[in-house]
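Worksheet for the structure shown next.
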Amino acid sequence: AAASDASICSVRAQLETGRQRRLSGVGVSASTLLLPLPSRTFRLTPTLHNASSSSSQSEMATMENVIVLVNRIQRACTVLGDHGGGDGSSGSLPTLWEALPSVAVVGGQSSGKSSVLESIVGRDFLPRGSGIVTRRPLVLQLHKTEDGVQEYAEFLHMPKRRFTDFSLVRKEIQDETDRLTGKTKQISPVPIHLSIYSPHVVNLTLIDLPGLTKVAVEGQPESIVQDIESMVHSYVDKPNCLILAISPANQDIATSDAIKLAREVDPSGDRTFGVLTKLDLMDKGTNALDVLEGRAYRLKHPWVGIVNRSQADINKNVDMIIARRKEQEFFASSPEYSHLASKMGSEYLAKLLSQHLEAAIRSRIPSITSLINKTIDELESEMDHLGRPIASDAGAQLYLILELCRAFDKIFKEHLDGGRPGGDRIYGVFDNQLPSALRKLPFDRHLSVQNVKRVVSQADGYQPHLIAPEQGYRRLIESALNYFRGPAEASVDAVHIVLKELVRISIGETQELKRFPTLQAELAAACYQALERFREDSRKTTLRLVDMEAAYLTVEFFRKLPQEVDKTGTGNPRTANPPTPSDDRYADAHFRRIASNVSSYIGMVSETLKNTIPKSVVHCQVREAKRSLLNHFYTQVGNKDAKQLAVLLDEDPALMERRLQCFKRLELYKSARDEIDAVAWTR
């Protein structure tokens, strides 16, 4: 024990440096938890305005900033795996993406979605072809720059490369799609983020979704129709999502896939913007005024007509700026649409969407801020529950292990001392089980007249006892005392079982240990080994109590036995032993007296053991469990090197991943809060 204590003191002497390092954060910085990420796409830097700016400039900047704000938050969301789409990849982690207002572009295949987007941007940059061309959501973020600045594009997955050749943008969209889906016609909910900087755009973010289809074609899974519809629903079902519903004018509006979907999720039409394409391809003598003027299908917002480039213009690579001018000329010169010309065309559509998106964002900033603050509290609480990251140096690791052991030991002692339930079960062993076991001992059979006569006769041998059958008494008492060994050992085992169960419960209740299944197992094994040692010591000590009772009988007990009155009636008392000559030492009454005397003595011993067995068990098992349950384990841990300590602190991979995701999500929310606060200061 002295050697063990010395080892423990030696271990504890090593801990102060590790404790200081751990508390100072050495080896547990945030950077150790993060995957390598481009800092500018993950860290959201607040944009504060110069105090000397004019109020009008500040207000205009604010209007632009709220869209730019959402752009940056969305980019950070995607980097950290929060990209909406309903794929469930983030488990139960809270999502910020779904709280952010957005504009989702929906329409059937060949409805002109790609042409509308290219017209808004003023550039050819989207893949073209038959069937499903858009197979991943494309988050298109448009940033207006000053006149004269060269247009360029950037992908979130390639943050250090600027694309000035937009044909390469088209190729990269296709390549990045194939990277996840392969050279197949599969779809993926993980979005591609594309930012375009140009003086010819307005600040706007659009989410281009795969075109709705009715049948699967060759190379597509049978579930493709439902898969696309589910993906689109995961965006447009959100009340923060504005719906840009694209329908071709040369088809009956009643059959429009986009309008059908919009009617399901937005029956009031409050957040649906209808776009009618291919007006120039309608049959002669027909027009789309019933739709554009809201008579065929009324929406809260006016319909917008679009004239896309013809296939011949696309083949000739007609410049998009020229195409926009031709579009304006079409509406201005058209007898049917000239009165609507000021509210038609892709340029008007872009401005309309930008204004409504900005208004939607501004109106939702308070609720978004409330959600962010609430979620930050929840994530910080979960991070506290999951525990701090593990330090890398041996001193800090050793300190952490001993901290965890102390937390467990505290809970274990609370169970024993009554602060938590369970310790009362030990008292139950002594107050119920032990007395019950003592009462059930077979003394009636052992002290029957027949057995007493047999034992006494055998003890006398060939010479019967002269006065009192002392050897018979001793044999009867000694053999009776052997029966007490059973209840004594049973008490030791019962308390051992309770202590083992309390160890198991205490490990489960030590929240800090849940991170480390290996340490839990090692700690439990060490505790069980210690309890086994305590049980063995307790068994030896407790059985010695029984053996001591058999080793030396209490003579005073027999000297104080009740005396009988002389049967002659003289009134002279005589003791129950020895019998007078008139008594028959072989009569049953004689043996019943012997049995009665032995029974009285056994009863006295039983009362003694009922009090001393609990003392022995508590001293050897409960007291030692409270004092030195982990002493041997501390010595073992103190002799381990850094590699062995790291094995003990090997966390559950699922928990490590959960902490990493929570940490990254927490950083996202804090950065988003800073961004919103920065915009709020400029209002």
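All values below come from the heavy atoms of this structure, side chains included, with hydrogens, waters and symmetry mates left out.
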Are [X] and [Y] close enough for a salt bridge, meaning some N to O gap below 4.0 Å?
X    : Y    : value
K160 : E154 : no
K664 : E667 : no
R123 : E118 : no
E380 : K670 : yes
R658 : E382 : yes
D175 : R179 : no
E172 : R161 : no

Working to the nearest 0.5 angstrom, can you tell me the gap between [X] [atom1] and [Y] [atom2]?
X    : Y    : atom1 : atom2 : answer
I372 : I73  : CD1   : CD1   : 5.5 Å
R309 : I322 : CZ    : CD1   : 10.5 Å
S114 : D208 : OG    : CG    : 6.0 Å
E176 : R136 : CD    : CZ    : 4.5 Å
I368 : N240 : CD1   : CG    : 6.5 Å
S188 : D227 : OG    : CG    : 11.0 Å

With heavy-atom distances below 4.5 Å as the criterion, would you say the side chains of [X] and [Y] are in contact?
X    : Y    : answer
I243 : Y235 : no
L126 : R170 : no
F273 : W303 : no
I676 : I365 : yes
Q251 : P248 : yes
V105 : I207 : no
N203 : L142 : no
I306 : L279 : no

Side chain [X], main chain [Y], donor-acceptor under 3.5 Å:
X    : Y    : answer
S115 : G112 : no
S234 : M231 : yes
S223 : Q226 : no
K113 : T134 : no
R271 : V236 : yes
Y297 : G274 : no
K278 : N250 : no
T277 : S111 : yes
E327 : S346 : yes
Q141 : N71  : yes

Checklist outcome for this item: Sorted by chain and number, sequence neighbours left out, ring-ring contact (aromatic ring centres under 6.0 Å, His included) with H233 holds for none
Next on the checklist: If you apply the rule salt bridge (Lys or Arg N to Asp or Glu O under 4.0 Å), what do you find for E347 with K351, and how did you get there?
Outcome noted: CA-CA 6 Å; E347 284 190 273; K351 292 176 182 177; 5.3 Å; no
Nearest non-hydrogen partners of [X] and [Y], listed with the distance:
X    : Y    : value
A258 : L212 : N-CD1, 4.4 Å
I173 : I192 : O-CD1, 3.9 Å
S102 : Q74  : CB-NE2, 4.0 Å
L386 : C662 : CD1-SG, 4.2 Å
A350 : L204 : O-CD2, 4.0 Å
Y669 : L96  : OH-N, 3.1 Å

Next on the checklist: Once salt bridge (Lys or Arg N to Asp or Glu O under 4.0 Å) is applied, what residue pairs with a partner in residues 237-266 remain, sequence neighbours excluded?
Outcome noted: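 Every pair satisfying salt bridge (Lys or Arg N to Asp or Glu O under 4.0 Å) with a residue in residues 237-266: E98-K238, K214-D257, K260-E264.
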Checklist entry - How are the rings of H143 and Y197 set to each other: parallel, tilted or perpendicular (split at 30° and 60°)? => result parallel
Next on the checklist: Can you confirm whether the side chains of E151 and S198 place a donor and an acceptor under 3.5 Å from each other?
Outcome noted: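 Checked: E151/S198 side chains pair up, N/O donor to acceptor below 3.5 Å.
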Checklist entry - Strictly by modelled atom types, are S354 and E358 linked by a side-chain donor-acceptor pair under 3.5 Å? => result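 No pair is found: no donor N or O on one side chain lies under 3.5 Å from an acceptor on the other.
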Checklist entry - Can you check side-chain contact (heavy atoms from CB on, under 4.5 Å) on I228 and L209, steps first, answer last? => result CA-CA 9 Å; I228 293 176; L209 298 170; over 6 Å; no
Checklist entry - Does the separation of the ring centres of H356 and H301 fall below 6.0 angstrom? => result yes
Checklist entry - Does the pair T181 and R135 meet the rule for a side chain to side chain donor-acceptor pair (under 3.5 Å), with working shown? => result CA-CA 8 Å; T181 64; R135 291 184 285 123; 2.6 Å; yes
Checklist entry - For K343, does the NZ atom sit with more than 12 other heavy atoms under 6.0 Å from it, leaving out its own atoms? => result no
Item to check | CA sep, side-chain torsions, deciding dist, call: L156, V139, side-chain contact (heavy atoms from CB on, under 4.5 Å) | outcome: CA-CA 10 Å; L156 181 60; V139 180; over 6 Å; no
Item to check | Sole candidate of F125, F155, Y152 that passes ring-ring contact (aromatic ring centres under 6.0 Å, His included) when paired with F163 | outcome: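 Result for ring-ring contact (aromatic ring centres under 6.0 Å, His included) with F163: F155.
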Item to check | Derivation and outcome, side-chain contact (heavy atoms from CB on, under 4.5 Å), residues E651 and R659 | outcome: CA-CA 11 Å; E651 294 185 270; R659 185 196 298 113; 2.4 Å; yes
Next on the checklist: Is there a side chain to side chain donor-acceptor pair (under 3.5 Å) between E293 and H339? Walk through the geometry before answering.
Outcome noted: CA-CA 11 Å; E293 293 180 345; H339 66 292; 2.9 Å; yes
Next on the checklist: Please determine whether side-chain contact (heavy atoms from CB on, under 4.5 Å) holds for the pair L244 and V106, giving the CA-CA distance in whole Å, both sets of side-chain angles, and the decisive distance to 0.1 Å.
Outcome noted: CA-CA 6 Å; L244 188 62; V106 299; over 6 Å; no
